[in-house]
Amino acid sequence: MTTDPLFDLQDRVAIVTGGSGQLGQVYIAGLVERGMRVASFDVSSGTVPEGARAFDVDITDRAAVERAVDGVVRELGVPQLLVNNAGLDSPPDAPADEVGPFEEYPEAAFDAVMDVNVKGTFLCCQIVGGQMAREGRGSIVNVSSVYGMLSPVQDLYEFRRAQGETFVKPVAYSVSKSAVLNLTRYLATYWARDGVRVNTLTLAGVWNDQAKEFLEAFGARSPMGRMLDAHEALGAVVFLASDASSYVTGSNVVVDGGWSAW
Ligand SMILES: NC(=O)c1ccc[n+]([C@@H]2O[C@H](COP(=O)([O-])OP(=O)(O)OC[C@H]3O[C@@H](n4cnc5c(N)ncnc54)[C@H](O)[C@@H]3O)[C@@H](O)[C@H]2O)c1
């Protein structure tokens with residue numbers, strides 16, 4: 001698709017975790033379109049874009065990740081790209097006790113989010129990154145959020161409180177996404193001389209037909225006045241996957257419409 005060797009991804013192998021989700025599908029479609037052989041690791045049997053191979057994997061289960069990586073190596077080859085995109089946030093319909101006051105945030109919810117967002121990312125890095133290091137090449141993209149760099153702005157959810165609900169954006173997501181930033185730095189230096197680059201991709205909130213009041217509050221807080229369109233996250237993944245980023249490691253690529261700039 002591209003004739004520019006800087007961005008050429010033709011015939012390279014990628015694993016995208018959480019490939020059935022909103023952003024995962026965009027990454028997979030974009031990478032397949034650029035000639036990559038892509039595997040999705042997801043617990044959900046949801047759709048995966050055409051041309052990709054779907055593996056049923058819970059990334060918190062080491063044996064399951066190892067089995068799936070063996071399958072990828074056998075069927076597609078040793079991965080050159082790993083996008084650690086699978087993640088748990090609190091969905092809008094999360095049980096009331098998960099979006100209540102910090103003082104009452106349930107330990108089980110904290111563990112569940114940390115398990116997927118931190119341990120799952122760690123396990124995929126360990127198993128896939130180890131293979132990449134033995135091959136002497138690879139790129140890992142760990143997905144974080146502005147909520148991992150900064151506190152959530154609780155005012156964005158005021159409209160829910162105005163409707164009589166208790167709604168506090170929970171703590172575990174922020175803590176887990178901060179951990180991703182330093183897992184990236186740790187591994188970037190650890191594998192720097194083995195040809196494996198590790199970077200964080202930090203995103204602001206993605207448009208997903210949210211409530212009008214939320215979109216207005218978000219727009220008012222955002223320098224660009226709007227949420228991220230899922231397709232706008234792809235360019236950074238292509239950059240980090242390709243030779244265009246050959247000297248980029250340990251960095252945090254921030255795609256947030258200026259959210260963190262003021
Ligand atoms: N959507 C946003 O506003 C936003 C903003 C900043 C960062 N992010 C990050 O981007 C990534 C993708 O977000 P999204 O909005 O596409 O989410 P999503 O919920 O649409 O997709 C996440 C996917 O991860 C999968 N998953 C969850 N637990 C898993 C497990 N244990 N093993 C394997 N797969 C698992 C889910 O089944 C789902 O398909 C997440 O890491 C998220 O934190 C999203």
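All ligand and atom numbering here is 1-based and tracks the order in the structure.
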Considering residues, nucleotides and ligands other than E107, do more than 12 of their heavy atoms fall under 6.0 Å from its CD? no
Indicate yes or no: does R12 engage D243 in a salt bridge with an N to O separation below 4.0 Å. yes
Residue and atom name of the nearest protein heavy atom (relative to atom 21 (O) of ligand 1), distance in Å to one decimal: G21 CA, 3.3 Å
Can you list the ligand 1 atoms lying under 4.0 Å from a non-hydrogen atom of S145? 6 (C), 7 (C)
Contact between A204 and ligand 1, counting heavy atoms under 4.0 Å? yes
Does the distance from a Lys or Arg side-chain N to an Asp or Glu carboxylate O, for E216 and K212, drop under 4.0 Å? yes
Determine whether L31 and L81 make a side-chain contact, defined as any pair of heavy atoms from C-beta on separated by less than 4.5 Å. yes
Could you tell me whether atom 17 (O) of ligand 1 has a protein heavy atom closer than 4.0 Å? no
Looking at ligand 1, is there an atom of it that comes within less than 4.0 Å of some heavy atom belonging to K177? yes
May I ask you to check whether T60 has an N/O atom sitting below 3.5 Å from an N/O atom of ligand 1? no
Report the distance from atom CD of Q22 to atom CG of N85, rounding to the nearest 0.5 Å. 10.0 Å
Counting distance only, does the side-chain N/O of D42 pair as donor-acceptor with the main-chain N or O of S44 below 3.5 Å? yes
Consider every N or O of Y173 and every N or O of ligand 1, then say whether any pair is closer than 3.5 Å. yes
Cation-pi, W259 ring and R221 (6.0 angstrom, 45 degrees): yes
Heavy-atom nearest neighbour in the protein, as seen from atom 20 (O) of ligand 1, with distance rounded to 0.1 Å: Q22 N, 2.9 Å
Name the orientation class of the two ring planes belonging to F239 and F7 (parallel below 30°, tilted from 30 to 60°, perpendicular beyond 60°). tilted
How far is atom 28 (N) of ligand 1 from its nearest protein heavy atom, and which residue and atom is that? V116 CG1, 3.7 Å
Here the atoms of ligand 1 under 4.0 Å from any heavy atom belonging to V57 are 32 (N), 33 (C)
I'd like to know if G120 contacts ligand 1, where contact means a heavy-atom distance under 4.0 Å to any ligand atom. no
Option set L203, L201, V16, V48, criterion heavy-atom distance to atom 6 (C) of ligand 1, minimum: L203
If you measure every N or O of D42 against every N or O of ligand 1, does any of those distances drop under 3.5 Å? yes
Residues S40 and R53: side-chain donor-acceptor under 3.5 angstrom: no
Atom 32 (N) of ligand 1 [closest protein heavy-atom partner, distance rounded to 0.1 Å]: I59 N, 3.0 Å
If you measure from atom 1 (N) of ligand 1 to every heavy atom of D58, V206, D89, which option wins on shortest distance? V206
Anything under 30° is parallel, anything over 60° is perpendicular, the rest tilted; go ahead and classify Y190 against Y186. parallel
Distance to 0.1 Å, residue and atom name: give those for the protein heavy atom nearest to atom 12 (C) of ligand 1. N85 OD1, 3.0 Å
Is there a donor-acceptor contact under 3.5 Å linking the side chains of N142 and T121? no
Identify, for atom 9 (C) of ligand 1, the protein heavy atom at the shortest distance, and state residue, atom and that distance. V143 CG1, 3.6 Å
Would K169 and E98 pass as an ion pair if we require N to O under 4.0 Å? no
Which residue and non-hydrogen atom of the protein lie closest to atom 44 (C) of ligand 1, and at what distance in Å? L23 CD1, 3.8 Å
Protein heavy-atom partner closest to atom 22 (C) of ligand 1 - residue, atom, separation in Å: G87 O, 3.9 Å
Pull out every atom of ligand 1 sitting under 4.0 Å from any heavy atom of S20, numbered as shown with elements. 39 (O)
For S251 and N199, does a side-chain donor sit closer than 3.5 Å to a side-chain acceptor? yes
Compare V43, V26, T47 and give the one whose heavy atom is closest to atom 35 (C) of ligand 1. V43
Has S144 got a side-chain atom pairing as donor or acceptor with L181's backbone, closer than 3.5 angstrom? no
Touching ligand 1 at all, A230? Heavy atoms, strictly under 4.0 Å? no
Any N or O of G205 closer than 3.5 Å to N or O of ligand 1: no
Heavy-atom contacts with G18 under 4.0 Å: which atoms of ligand 1 show up? List them by number with element. 23 (C), 24 (O), 25 (C)
